[in-house]
J.: 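Supplied in structure tokens, the structure appears directly below.
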Amino acid sequence: MQYNEDYFESEDFKELLESYEAAMQVGEQPFLDSDDLVDLADYYNNIGENDKAVEVVEHALELYPDATLPNVFKARQALMENDFKTARHYADAIGDKNDPDYHYLIAEIMIAEKHVEKADRYLRDYSKSVEEDEWEDFIKDCANLYVDYGVNDKAYQWMMRSKGDDSSDFKELMARTLFGLGKYKDSERIFNELIDRDPYSVNYWNALASAQLMDEDYSNAITSSEYAIAIDPNDPEGLSSKAQGLFRLGNYEESLEFFRRLEKIVPDDYIVLLNEGICLVNMNRHQEAIPYLEKALELADEDAELKPQVYQELAFCYGSKKELTKALEMIDAAIKLSSDTTDLLVIRGHILLGCDRADEAEKSFKKALRKSDNAPAIMLRIIVSLYDNRYVNSSYEMFKDFFEVVRELEPDFNKGDAYMALCCWDLRKKDEFMEYLQKSVERNPREAKLVLGFLFPPSVEPSEYVTYMEQQLNK
């Protein structure tokens, strides 16, 4: 079910909702048609009141057992739990097998079962019976099915069958499809067109911010999120986008402020709590971070993908406090839950190095290198770990060997110059510092800003770093 925001904010729906809830309060079951009941269920489902949604649909099925939309609703709930047998049971219960929603449901079950090509053939066969004046809506409905399941290439193929649809619905669907295909610039362009049509749409501004975040255009993502927040100061997505953009720019303090605003709106969201903890870790406020991370770990009990990251951040916290046993316990818990442990082995080595266990750290680093087949990104992380643990000379020497080997094997590898410049700065190697500063702003200005930005006023952009530093050093 698509969330029909405009309808749910209309006076007609508000009257429907009010009359339904008034009847329920006095213990009556209101007699409404099946479409109205499903609209109510869809509304409750989208505001997180799932029990009420189920109650409405069950009532609808008591009144209209073979009605299309109540059965579609129940079937889709079953699909969310990968219960394909139950989904097909509700599909079979639909009385009108000519109803387009019946055909969409059959195709959706196929897509959910990973039978994408079978679903595509089914929809193409069904398309032969679609009237010309219904064609554009049919195209959007088919594309929406694929977008909902992340099959964006098929969604794009269906949208290309359009005979020319300039509606905002079509444009938004195309923008989201392009986003799913990783074409963030194209998605951004269309969302800007939609904003020109409706500059007060929070959804459009948020979608634009998401595309910009994915394209690593963090400054503009922050600006877009600010428009969403200006329209709705308590919009969770806008607050999240701004917090993420600030975080990516290394502005952890302000990022934390927005994550805390978000926590007040969604207090038990473990992802928000994790992000608050990560901000505090990056601000070296490790003791403050621990309660946030522990609560996130408790709430993320069933999220096997997120838990390793929480354990990792807790490991950093305990490592910073020199509580090595506890830190290693956390990192080992993360390793047990992860399929790719290479990064975690580097972190394990980093923590050991910080607790003066250099021999054990070396073993962990070597294991990470073996598992990654000496990947340059892993080499770089190990060298940076040496620097962070104040082995500056060792880091400097390893960087020289690293660049000699990596640039020959991967000429386009553009990371590490800013860290080498930092080593040279600490070692007072002025000429080499300027050499690597120049390389860093040319090859990777984002890394230059992240690593070396503290040496410059906030208003100075990476493109101006070399000129600014030359002036400072020549005073």
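For the single chain, residues carry numbers from 1 onward in sequence order.
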J.: Has Lys363 got more than 12 heavy atoms of other residues, nucleotides or ligands less than 6.0 Å from its NZ?
T.: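 No, not enclosed.
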
J.: If you look at every heavy atom in Cys317 and Val281, which pair is closest and at what distance?
T.: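 Scanning both residues, the minimum pair turns out to be SG-CG2, 3.6 Å.
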
J.: State whether the number of non-hydrogen atoms from other residues, nucleotides or ligands found under 6.0 Å of Met160 atom CE is greater than 12.
T.: yes

J.: For residues 231-239, please give each side-chain donor-acceptor pair under 3.5 Å, one per line with the distance, not counting sequence neighbours.
T.:
residue, atom, partner, partner atom, Å
Asp232, OD1, Asn234, N, 3.1
Asp235, OD2, Asn206, ND2, 2.7
Asp235, OD2, Gly238, N, 2.7

J.: Checking the side chain of Ser364 only, and the main-chain atoms of Ala361 only, is there a donor and an acceptor separated by less than 3.5 Å?
T.: no

J.: Taking atom types as modelled, is there a side-chain donor on Asp148 or Asn144 under 3.5 Å from an acceptor on the other?
T.: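 The answer is no; no qualifying pair exists.
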
J.: So which pairs with a foot in residues 231-256 pass ring-ring contact (aromatic ring centres under 6.0 Å, His included), sequence neighbours left out?
T.: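 As it turns out, the ring-ring contact (aromatic ring centres under 6.0 Å, His included) pairs with a partner in residues 231-256, which skip direct neighbours, are Phe247-Tyr252.
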
J.: Output every pair passing ring-ring contact (aromatic ring centres under 6.0 Å, His included) with a member in residues 397-425, not counting sequence neighbours, ordered by first then second residue.
T.: Phe399-Phe403, Phe402-Phe413, Phe403-Tyr436, Trp425-Phe433

J.: If I compare all heavy atoms of Tyr156 with all of Thr177, which pair ends up nearest, and what's the gap?
T.: N-CG2, 3.7 Å

J.: Take atom NZ in Lys322; do more than 12 heavy atoms of anything else shown fall under 6.0 Å from it?
T.: yes

J.: Using a cut-off of 6.0 Å, state whether more than 12 heavy atoms not belonging to Tyr200 lie near its atom OH.
T.: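 For Tyr200, atom OH is not crowded (no more than 12 foreign heavy atoms under 6.0 Å).
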
J.: To the nearest 0.5 Å, what is the distance between OG on Ser224 and CD on Glu188?
T.: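 Reported to 0.5 Å precision, the distance equals 7.0 Å.
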
J.: Inspect the contact between Glu117 and Lys154 and indicate whether a charged nitrogen and a carboxylate oxygen are less than 4.0 angstrom apart.
T.: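 Judged by the 4.0 Å cut-off on N to carboxylate O distance, Lys154 and Glu117 do form a salt bridge.
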
J.: Consider only side-chain N and O atoms of Asp169 and Ser167, and report whether a donor and an acceptor are under 3.5 Å apart.
T.: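 No.
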
J.: Show your working on salt bridge (charged side-chain N to carboxylate O under 4.0 Å, His left out) between Arg197 and Glu193 and close with a plain yes or no.
T.: CA-CA 7 Å; Arg197 293 183 179 187; Glu193 291 176 10; over 6 Å; no

J.: Other residues, nucleotides and ligands only: do more than 12 of their heavy atoms fall within 6.0 Å of CZ on Arg285?
T.: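 Result for CZ/Arg285: enclosed.
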
J.: Kindly determine whether Asn192 and Asp196 satisfy side chain to side chain donor-acceptor pair (under 3.5 Å), including the steps that lead there.
T.: CA-CA 6 Å; Asn192 271 312; Asp196 287 341; over 6 Å; no

J.: Among Asp141, Asp165, Val147, Ile139, which residue satisfies the side-chain contact (heavy atoms from CB on, under 4.5 Å) criterion with Leu173?
T.: Val147

J.: One pair to check against side chain to side chain donor-acceptor pair (under 3.5 Å): Glu108 and Tyr149. What are the steps and the verdict?
T.: CA-CA 9 Å; Glu108 182 172 354; Tyr149 286 85; 2.8 Å; yes

J.: Going by the salt bridge (charged side-chain N to carboxylate O under 4.0 Å, His left out) test, which pairs reach into residues 404-415, not counting sequence neighbours?
T.: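 Only Arg407-Asp417 qualify under salt bridge (charged side-chain N to carboxylate O under 4.0 Å, His left out).
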
J.: Give every residue pair that meets the salt bridge (charged side-chain N to carboxylate O under 4.0 Å, His left out) criterion with at least one member in residues 446-459, sequence neighbours excluded.
T.: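 Every salt bridge (charged side-chain N to carboxylate O under 4.0 Å, His left out) pair that includes a residue of residues 446-459, provided the two are not neighbours, is Glu216-Arg446.
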
J.: Less than 4.5 Å apart, side chain to side chain, heavy atoms only: is that true for Leu328 and Arg357?
T.: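 Counting from C-beta outward, Leu328 and Arg357 never come under 4.5 Å.
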
J.: Determine whether the side chains of Asp340 and Thr342 contain a donor N or O and an acceptor N or O closer than 3.5 Å.
T.: yes

J.: Suppose the criterion is salt bridge (charged side-chain N to carboxylate O under 4.0 Å, His left out): which pairs have a residue in residues 304-313, not counting sequence neighbours?
T.: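 Passing the test, one end in residues 304-313: Asp301-Lys307.
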
J.: To the nearest 0.5 Å, tell me how far Asp120 CG sits from Trp158 CH2.
T.: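 Going from the CG atom of Asp120 to the CH2 atom of Trp158 covers 6.0 Å.
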
J.: Verify the neighbour count for atom NZ of Lys321: are there more than 12 heavy atoms of other residues, nucleotides or ligands below 6.0 Å?
T.: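 Result for NZ/Lys321: enclosed.
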
J.: What I want to check is whether the side chains of Tyr184 and Asp217 have a donor and an acceptor closer together than 3.5 Å.
T.: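 No donor-acceptor contact under 3.5 Å links the two side chains.
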
J.: Determine whether Lys242 and Glu254 make a side-chain contact, defined as any pair of heavy atoms from C-beta on separated by less than 4.5 Å.
T.: yes

J.: Do you know which two heavy atoms are closest between Leu145 and Ala107, and how far apart they sit?
T.: CD1-CB, 4.1 Å

J.: List the steps and the verdict of salt bridge (charged side-chain N to carboxylate O under 4.0 Å, His left out) for Glu257 and Arg260.
T.: CA-CA 5 Å; Glu257 175 190 330; Arg260 283 180 168 164; over 6 Å; no

J.: Any chance the side chains of Glu432 and Tyr396 put a donor and an acceptor closer than 3.5 Å?
T.: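 Yes, side-chain donor-acceptor contact under 3.5 Å.
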
